[in-house]
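Before any comments, here is the structure.
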Protein chains: 2
Amino acid sequence: MHKMNSKNKTFIDKLRSSGLRPTNQRVEISKFLFNRKKTFHFTVEELKNSMNLKRSKKISTATFYNTVHALKSAGYLKEFSLENNTSYYDTNIKSHHHFFDNGKVIDIKSDKITFQKLPDAPKGKKIKNVEVVIRLENNN
Amino acid sequence: MHKMNSKNKTFIDKLRSSGLRPTNQRVEISKFLFNRKKTFHFTVEELKNSMNLKRSKKISTATFYNTVHALKSAGYLKEFSLENNTSYYDTNIKSHHHFFDNGKVIDIKSDKITFQKLPDAPKGKKIKNVEVVIRLENNN
DNA sequence: TAACTACTTTATAATTATTCTAAAGTATGT
DNA sequence: ACATACTTTAGAATAATTATAAAGTAGTTA
Ligand SMILES: [Mn+2]
Ligand SMILES: [Mn+2]
Ligand SMILES: [Zn+2]
Ligand SMILES: [Zn+2]
């Protein structure tokens with residue numbers, strides 16, 4: 001028994017177009033991920049904790065993992081890594097750059113960085129994308 | 001009871017200067033890591049397997065982890081991440097760039113990439129380093 | 001609407017990478 | 001050679017993730 005407003009329509013389409021039944025859990029997760037103005041960078045554990053905190057009926061860990069993987073396979077999420085052993089996900093699926101500031105991740109739009117010189121791909125290979133990480137530290 | 005040639009001297013100094021006693025295990029690992037012409041990128045598990053394969057007396061997993069961490073803390077190794085949840089280490093400790101080609105990592109010297117435009121650091125922050133990953137795919 | 005079936009969720013077990021623990025072994029100074 | 005602090009090691013513990021399989025639900029279809 002759940003209501004459905006026009007806002008949710010988008011997510012339902014996103015899910016259906018990925019061959020995923022728009023179950024309650026999936027719609028809720030999609031809403032949480034995509035219904036925001038700024039890019040969202042997260043781990044599955046963070047996603048689970050922040051969503052389940054507010055819910056009486058918790059969504060299971062497995063469903064968070066399943067849904068994030070499905071959305072990634074469908075091309076709605078991008079995976080990346082910091083230097084620990086946890087997967088991060090990015091709601092910005094376009095090729096782009098990042099500031100890394102002590103575990104905090106900030107997007108840099110692709111056109112904010114341009115190259116003067118870039119190496120050629122080794123023979124038999126071609127460049128798929130070029131992504132830059134700018135690591136930050138505090139002044140002084 | 002172990003012999004010691006002049007080749008090992010370097011590694012012993014490296015270890016001593018890091019406050020580490022040059023035990024047999026640490027010297028062997030250092031030799032394996034640093035006694036090569038090209039940069040070496042590896043996971044602890046890979047290191048352990050390739051070294052222990054050739055040895056009758058195996059070095060323990062804990063010692064591989066301990067030694068790699070110690071060498072990293074001493075500044076002789078750099079840690080980085082691909083998009084799985086495993087730590088990689090790099091014997092090239094200078095800031096530099098990489099090609100990523102299906103799990104294979106290739107160094108790009110810093111001066112092979114130069115920038116035309118780079119964003120400013122957010123206020124209160126400064127740039128520590130800028131590293132580029134060029135992802136490759138096969139032609140056609 | 002009832003029934004059917006394939007897909008989904010979930011609790012729980014398993015796996016992988018890594019770290020911790022504490023006992024036995026070793027390097028270094030005296 | 002002795003003492004002592006540092007090291008190695010097997011094995012237990014932890015964290016992130018994936019697998020399993022039983023119970024539940026969505027999208028048909030009758
Ligand atoms: Mn881990
Ligand atoms: Mn893992
Ligand atoms: Zn991003
Ligand atoms: Zn490198």
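So you know, we letter chains A, B, ... as the sequences are listed, proteins then strands, and number each from 1. None of these values were measured; they are calculated from a predicted model. Atom set for the values below is all heavy atoms of this structure, side chains included, hydrogens, waters and symmetry mates excluded.
Look at CG on B:N85: it is 8 Å from P on C:dT18, rounded to the nearest Å. In this entry the distance linking CD of A:E45 with P of D:dT14 reads 16 Å, nearest Å. Between the NZ atom of B:K48 and the C1' atom of C:dA17 there is a distance of 10 Å, given to the nearest Å. Counting to the nearest Å, the P atom of C:dA11 and the CG atom of A:N52 are 10 Å from each other. Distance A:N24 CG to D:dG27 P: 11 Å, rounded to the nearest Å. Atoms OH (A:Y88) and C1' (D:dA15) sit 13 Å apart, rounded to a whole Å. When rounded to the nearest whole Å, the span between CZ of A:F42 and C1' of D:dA16 equals 15 Å. Going from atom CD1 of B:I29 over to atom C1' of D:dT9 covers 13 Å, rounded to whole Å.
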Practice task
Summarise how protein sits on nucleotides 2-7 of chain D as a single string, 5' to 3': B when a protein heavy atom is under 4.0 Å from the base, S for sugar-phosphate-only contact, - for no contact.
Solution key: ---BBS

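Nearest-nucleotide positions on DNA chain C place B:V44 closer to the 5' end than the other of B:R16 and B:V44.
Contact check, A:K57 against D:dG24: no side-chain N or O comes under 4.0 Å of OP1 or OP2. Between A:T43 and the phosphate of D:dA16, there is no side-chain N or O to OP1/OP2 separation shorter than 4.0 Å.
Against DNA chain D, the stretch residues 58-71 of chain B makes heavy-atom approaches under 4.0 Å through B:K58, B:I59, B:S60, B:A62, B:T63, B:N66.
Applying the ring pair (Phe, Tyr, Trp, His ring centres under 6.0 Å) test to pairs two or more places apart or on separate chains, those with a residue in residues 99-127 of chain B are A:F115-B:F115. Here ring pair (Phe, Tyr, Trp, His ring centres under 6.0 Å) pairs that include residues 120-140 of chain A, with residues two or more places apart or in two chains, number zero. Under the salt bridge (Lys or Arg N to Asp or Glu O under 4.0 Å) criterion, the residue pairs touching residues 70-79 of chain A are A:K72-A:E79, A:K78-A:E131, with sequence neighbours excluded. Among pairs with a residue in residues 90-110 of chain A, those fulfilling salt bridge (Lys or Arg N to Asp or Glu O under 4.0 Å) read A:D101-B:K125, at least two apart in sequence or across chains.
Take B:R55 and apply the salt bridge (charged side-chain N to carboxylate O under 4.0 Å, His left out) test, not counting sequence neighbours, and it matches B:E28. Take A:R16 and apply the salt bridge (charged side-chain N to carboxylate O under 4.0 Å, His left out) test, not counting sequence neighbours, and it matches no residue. Shown here are the side chain to side chain donor-acceptor pair (under 3.5 Å) partners of B:R135, two or more places apart in sequence or in another chain: B:E83. Partners of B:E46 by salt bridge (charged side-chain N to carboxylate O under 4.0 Å, His left out), not counting sequence neighbours: none found. Scored by the ring-ring contact (aromatic ring centres under 6.0 Å, His included) test, A:Y65 finds no partners at all (sequence neighbours excluded).
Nearest heavy-atom pair, B:R26 versus B:T67, reported as atom, atom and distance to 0.1 Å: CG-OG1, 3.8 Å.
Heavy-atom contacts from other residues, nucleotides or ligands closer than 6.0 Å to NZ of B:K126 number more than 12.
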Every protein N/O within reach of nucleotides 28-30 of chain D N/O, cut-off under 3.5 Å:
none

